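Scope of the values below: all heavy atoms of this structure, side chains included, with no hydrogens, waters or symmetry mates. Since we're looking at a predicted model, the values are computed, not measured.
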Amino acid sequence: NEVWSSLTAGQGQLVAVKAVTRNTLHYLCRPRHWKQLMTLTGQSFDLDPKTFTLANMFAMQLHKYKDEIAKVTSSALKELTIQNELRKLADVWKEQKFDLHKYNTNGTDRGWVLKGVEEITLLLEDMG
């Protein structure tokens, strides 16, 4: 029974550490997320890849905080997704060229209007 209990506890730790490494290491490269995890778990993480080992993660018993870690990593993933989408939008729009056309009505200067808005309209519809 002791062996089984030890294996079961170790399995719980492994699942939690796997979740932490899969979620955290890929998505939480921002210092604010690491600080939040340290505060939630009461642990101090040395993020140096030479010392941030699997053994150290087991020693921190992070499996006890799997729900809190899941919330932080989920939030970080959402932030990353939003940042990536904003970056894509910025890339698309910085490449757009806008042509202006002088607008006159009955010989009266009415200012400037965008010329050829069909492509811009299609782009906006595709993004919407």
Side-chain angles (χ1 to χ4, degrees):
N1 269 344
E2 283 184 44
V3 172
W4 180 254
S5 296
S6 178
L7 283 174
T8 306
Q11 183 183 13
Q13 285 183 327
L14 185 59
V15 169
V17 168
K18 181 181 172 190
V20 170
T21 56
R22 181 184 64 237
N23 294 328
T24 309
L25 296 180
H26 288 93
Y27 304 118
L28 292 183
C29 23
R30 286 158 186 80
R32 69 179 177 274
H33 297 118
W34 288 106
K35 287 178 185 175
Q36 189 177 7
L37 279 176
M38 287 182 212
T39 300
L40 286 171
T41 62
Q43 303 286 335
S44 179
F45 306 148
D46 179 6
L47 300 176
D48 181 354
K50 294 175 185 170
T51 58
F52 193 62
T53 64
L54 189 58
N56 288 347
M57 291 178 71
F58 276 126
M60 289 186 262
Q61 297 188 6
L62 295 177
H63 66 283
K64 294 179 179 180
Y65 309 99
K66 66 182 180 181
D67 293 337
E68 292 87 348
I69 291 170
K71 287 177 188 175
V72 173
T73 56
S74 175
S75 175
L77 179 57
K78 289 174 187 173
E79 287 177 27
L80 183 63
T81 301
I82 291 169
Q83 289 171 349
N84 287 338
E85 289 301 314
L86 287 173
R87 191 173 301 115
K88 286 178 193 176
L89 284 171
D91 289 344
V92 167
W93 284 104
K94 80 176 165 188
E95 298 298 321
Q96 295 304 309
K97 305 264 188 271
F98 297 97
D99 294 322
L100 294 176
H101 178 72
K102 195 72 164 155
Y103 180 65
N104 293 307
T105 305
N106 298 327
T108 305
D109 181 4
R110 305 290 290 185
W112 297 92
V113 294
L114 284 176
K115 182 178 177 182
V117 295
E118 295 82 21
E119 287 183 32
I120 295 168
T121 303
L122 286 173
L123 185 60
L124 285 170
E125 287 173 357
D126 288 345
M127 290 180 157

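Not counting sequence neighbours, Asp126 has no partner by the salt bridge (Lys or Arg N to Asp or Glu O under 4.0 Å) test. Applying the salt bridge (Lys or Arg N to Asp or Glu O under 4.0 Å) test to Asp109 and every residue at least two apart in sequence or in another chain returns Lys102.
Atom CG of residue Leu123 and atom CG of residue Leu89 lie 9.0 Å apart, to the nearest 0.5 angstrom. Atoms CD1 and CG, from Ile69 and Leu40 in turn, are 8.5 Å apart once rounded to the nearest 0.5 Å.
At distances below 3.5 Å, at least one donor-acceptor pair connects side-chain atoms of Thr39 with backbone N or O atoms of Lys35.
Linking ILVMFWY residues whenever their side-chain heavy atoms come closer than 4.5 Å, directly or via other members, places Ile82 and Trp93 in the same cluster.
Between Ile120 and Phe98 there is a side-chain heavy-atom pair separated by less than 4.5 Å. For the pair Leu100/Leu114, a side-chain contact is recorded, criterion being any heavy-atom separation below 4.5 Å from C-beta on.
Residue pairs that meet the side chain to side chain donor-acceptor pair (under 3.5 Å) test with at least one member in residues 76-87, sequence neighbours left out, are Arg30-Gln83, Arg32-Glu79, His33-Glu79, Asn84-Arg87, Glu85-Lys88.
What you find for Thr41 and Tyr65 is that their closest heavy atoms are O-OH, 3.1 Å.
Within a 6.0 Å sphere centred on CD of Glu119, other residues, nucleotides and ligands contribute 12 heavy atoms or fewer.
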